[in-house]
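Written below as structure tokens is the structure these notes are about.
Letters A, B, ... are given to chains in the order of the sequence lines, protein chains preceding strands, and every chain is numbered from 1.
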Number of protein chains: 2
Amino acid sequence: MLTDRQLLLLQLIIDDFIETAHPVGSRALSKKDKIPYSAATIRNEMADLEELGFLEKTHSSSGRVPSEKGYRYYVDHLVSPISNPEGIKFINDIMKDGFFEFEQIVQMSAEVLSELTNYTSIILGPELNSTKLKQIQIIPLTSHTAVAILVTDTGHVEHRSFSIPDVIQPSVIEKMVNILNDRLQGVPIVQLEEVFHKEITNLMKKYIQDFDKSYEYLKSIFTQEHPVKIYVGGKSNILLQPEFNDVNKIRAFYAMMDNENEIANLLKNSKHGIEVTIGNENEFEAIKDFSLITASYQLGKGQLGTIALIGPTRMEYKKVISLLSSLSKEMSEALYKWYKSYK
Amino acid sequence: MLTDRQLLLLQLIIDDFIETAHPVGSRALSKKDKIPYSAATIRNEMADLEELGFLEKTHSSSGRVPSEKGYRYYVDHLVSPISNPEGIKFINDIMKDGFFEFEQIVQMSAEVLSELTNYTSIILGPELNSTKLKQIQIIPLTSHTAVAILVTDTGHVEHRSFSIPDVIQPSVIEKMVNILNDRLQGVPIVQLEEVFHKEITNLMKKYIQDFDKSYEYLKSIFTQEHPVKIYVGGKSNILLQPEFNDVNKIRAFYAMMDNENEIANLLKNSKHGIEVTIGNENEFEAIKDFSLITASYQLGKGQLGTIALIGPTRMEYKKVISLLSSLSKEMSEALYKWYKSYK
DNA sequence: ATTAGCACTCTGTCGGTGCGAGTGCTAACA
DNA sequence: TGTTAGCACTCGCACCGACAGAGTGCTAAT
């Protein structure tokens with residue numbers, strides 16, 4: 001168990017390192033107001049803290065740097081989230097505006113968040129397996145192309161172009177759309193293809209003449225990939241951090257960020273509440289040098305999405321944690337308002 | 001006027017520098033097969049070429065490096081675009097597939113291009129002022145929201161959500177849509193708002209009861225920003241170039257790439273054919289260290305879009321110019337095919 | 001238990017040195 | 001007169017040693 005003095009020191013060391021990115025030495029620490037101990041005493045304590053695994057040295061005679069275990073302890077026990085009135089006000093102001101689309105709210109939030117923190121923000125849309133189809137429409141464009149409009153219960157609107165058989169009457173299309181709506185409303189997006197195949201096909205055959213000819217075309221609406229939507233803000237913020245003076249690190253970071261699937265995987269295990277993963281705690285090699293803070297936001301009937309910040313392990317946890325929790329709350333609220341108006 | 005020998009030397013120097021990124025010295029040059037002259041002779045010629053402004057030294061006793069004027073001359077007179085069978089085959093293979101959407105073709109092209117060149121590719125959608133509305137549809141979603149589907153004559157499909165007055169009958173919406181389609185078909189996207197305001201309003205008032213109530217709502221369809229679509233491929237390719245070992249340069253580059261408007265400005269002055277701007281030739285500060293190669297592609301009735309590559313001034317012009325011209329041709333063809341099928 | 005003092009360690013910087021690549025110039029040559 | 005060999009000179013760069021600065025660990029005194 002750590003003594004009070006050790007806790008104090010650990011906290012101050014990490015605070016200091018987070019601020020300056022320089023290893024913290026005993027002498028500088030002893031000069032701080034809060035510290036009545038001499039440098040020597042601090043050195044002894046530091047040696048103990050190092051032995052316990054909370055601190056590290058970059059070389060044998062350098063100052064101390066927090067280890068991942070140190071950050072972990074810091075985040076779990078020592079961080080007192082500071083309130084951030086300006087940040088929250090900023091968020092409030094933004095959220096006050098009316099929004100028409102889910103996308104707007106989310107993209108805006110991502111941008112605000114990265115702006116306020118100077119880290120990179122990532123927002124994942126609501127989980128697909130809980131998002132359901134609300135409505136489907138088909139609009140013929142030309143004699144043999146059409147666009148299908150899918151609307152989800154989260155208000156997400158999507159269009160998918162597809163081709164249609166040469167000779168198909170508008171009235172037939174209308175009929176088909178009616179059947180689709182009748183049967184597919186409320187079906188989770190990820191199951192659309194399956195349900196279409198299993199339930200709709202036979203029904204269609206009964207009511208639509210020559211449906212076989214249309215089958216493949218119609219099917220393509222549901223087989224087209226439904227990519228997880230990812231919203232990113234402040235991609236280049238990471239370049240402002242001194243630890244990313246190394247071109248190779250930058251390369252690794254951007255290689256990861258260019259791969260949306262990987263990002264989605266990174267975030268999709270998120271649970272309720274705020275979660276912090278530090279460096280190697282994360283299972284993905286690509287971000288073993290980073291910290292990831294995730295929070296979930298809520299949309300309507302309890303569908304969850306994830307909002308995250310990615311930055312160096314030397315992250316301003318204090319500031320960021322409180323900001324993220326305000327933002328996720330504000331976002332959920334804005335989304336709720338929007339959701340209600342949209343219902 | 002340059003002598004033949006000077007031309008040869010200039011060409012070889014630039015070729016060499018493009019390949020290696022190292023300043024080219026007289027001795028190394030004299031060893032090349034094509035060169036029967038001694039290092040001393042070459043030194044004299046180099047001095048002349050430098051005096052003429054085609055070459056530069058990085059320091060007083062370094063080898064020579066092409067100046068921007070040098071690159072310019074090289075591009076204008078010395079580049080013999082090499083054919084690139086594999087690249088072209090690759091492009092052909094990709095373009096062979098059927099596409100449903102304009103977006104697919106374009107995004108694919110951007111990715112192929114950056115893959116083949118290792119530079120960053122940017123493709124600008126067709127100019128807005130030549131893109132016209134083909135069809136508009138309005139689909140009510142809830143009692144007071146609806147989504148408008150705009151289809152352009154380039155096959156671009158776009159949806160815009162908006163709110164609708166509380167009490168409006170579906171039949172009324174249908175009527176409005178009919179009027180809109182009747183009057184707005186063929187109107188350039190950028191003029192939609194104006195035409196709506198000037199021509200439609202009165203018409204609507206005549207045929208639609210209580211149109212005043214709907215005016216603002218309907219108008220918002222046309223006032224929502226219609227952003228220029230930009231497709232980017234290989235954003236992180238630039239990091240592979242040795243000249244971008246400098247974090248500040250990287251920062252500048254990504255700052256620019258994050259700003260879509262700036263990119264659009266960069267490219268929108270493009271004319272027919274292939275154009276190369278080298279370093280400071282470009283009017284934008286942000287890319288004074290870069291070269292930009294643009295080509296235009298054609299879509300249907302002569303609407304032009306721009307396809308571009310951005311990389312270091314030390315770019316493989318030979319390879320890139322031929323690739324870009326093939327790709328723009330292939331793209332135009334694929335788009336034409338698609339356009340025809342879409343008509 | 002705390003602290004002052006001291007020897008020690010490691011980093012980063014600064015000046016110097018030597019090497020390699022390259023230049024410019026001059027004089028000799030064809 | 002154009003070309004070339006030779007040579008002195010210039011930089012950049014890598015390496016080295018010295019040294020200051022920051023920091024540590026340990027010991028002995030308080």
Atom CZ of A/Arg64 and atom P of C/dC10 are separated, to the nearest Å, by 14 Å
B/Leu49 CG to C/dT23 P, in whole Å, measures 12 Å
If we only count heavy atoms from C-beta on, is the A/Phe54 to A/Leu2 side-chain gap below 4.5 Å? yes
To the nearest angstrom, the CD-C1' distance between B/Glu45 and D/dT1 comes to 14 Å
_Side chain A/Arg43 and base D/dG25 donor-acceptor under 3.5 Å_ = yes
Whole-Å distance, A/His59 NE2 to D/dG21 P, equals 16 Å
Q | Under 4.0 angstrom between B/Ser26 side-chain N/O and C/dT23 OP1 or OP2 | A | yes
- For residues B/Ser121 and B/Tyr231, is any side-chain donor paired with an opposing acceptor at under 3.5 Å? no
On DNA chain D, more 5' by nearest nucleotide between B/Ser60 and B/Thr41 is B/Thr41
Looking at the base of D/dT10, is there any donor atom on it, or on the side chain of B/Ser61, that sits under 3.5 Å from an acceptor on the other one? yes
Does a side chain donor of either A/Ser328 or A/Ser325 reach within less than 3.5 Å of an acceptor in the other side chain? no
Regarding the side chain of A/Ala40, the nearest nucleotide among C/dT3, C/dT23, D/dT4 is C/dT3
| query | OP1 or OP2 of D/dT24 less than 4.0 angstrom from a side-chain nitrogen or oxygen of A/Arg27, does that happen here? | reply | no
Aromatic contact, A/Tyr254 with B/Tyr254 (centres under 6.0 Å): yes
When rounded to whole Å, the CG to P distance for the pair A/Leu9 and D/dT24 reads 12 Å
Separation of C/dT2 atom P from A/Gln6 atom CD, nearest Å, is 11 Å
Note to self: Looking at C/dT11, I'd like to know if its phosphate oxygens (OP1 or OP2) sit under 4.0 Å from a side-chain N or O belonging to A/Lys57.
What the structure shows: no
5'-most contact on DNA chain C (nearest-nucleotide basis), A/Ser38 vs B/Asn44, goes to A/Ser38
Do you see a donor-acceptor pair shorter than 3.5 Å between the side chains of A/Ser236 and B/Asp258? yes
note: A/Arg5, atom CZ; C/dT3, atom C1'; distance rounded to Å ~ 11 Å
Rounded to whole Å, the CD-P distance (B/Glu56 to C/dT23) equals 15 Å
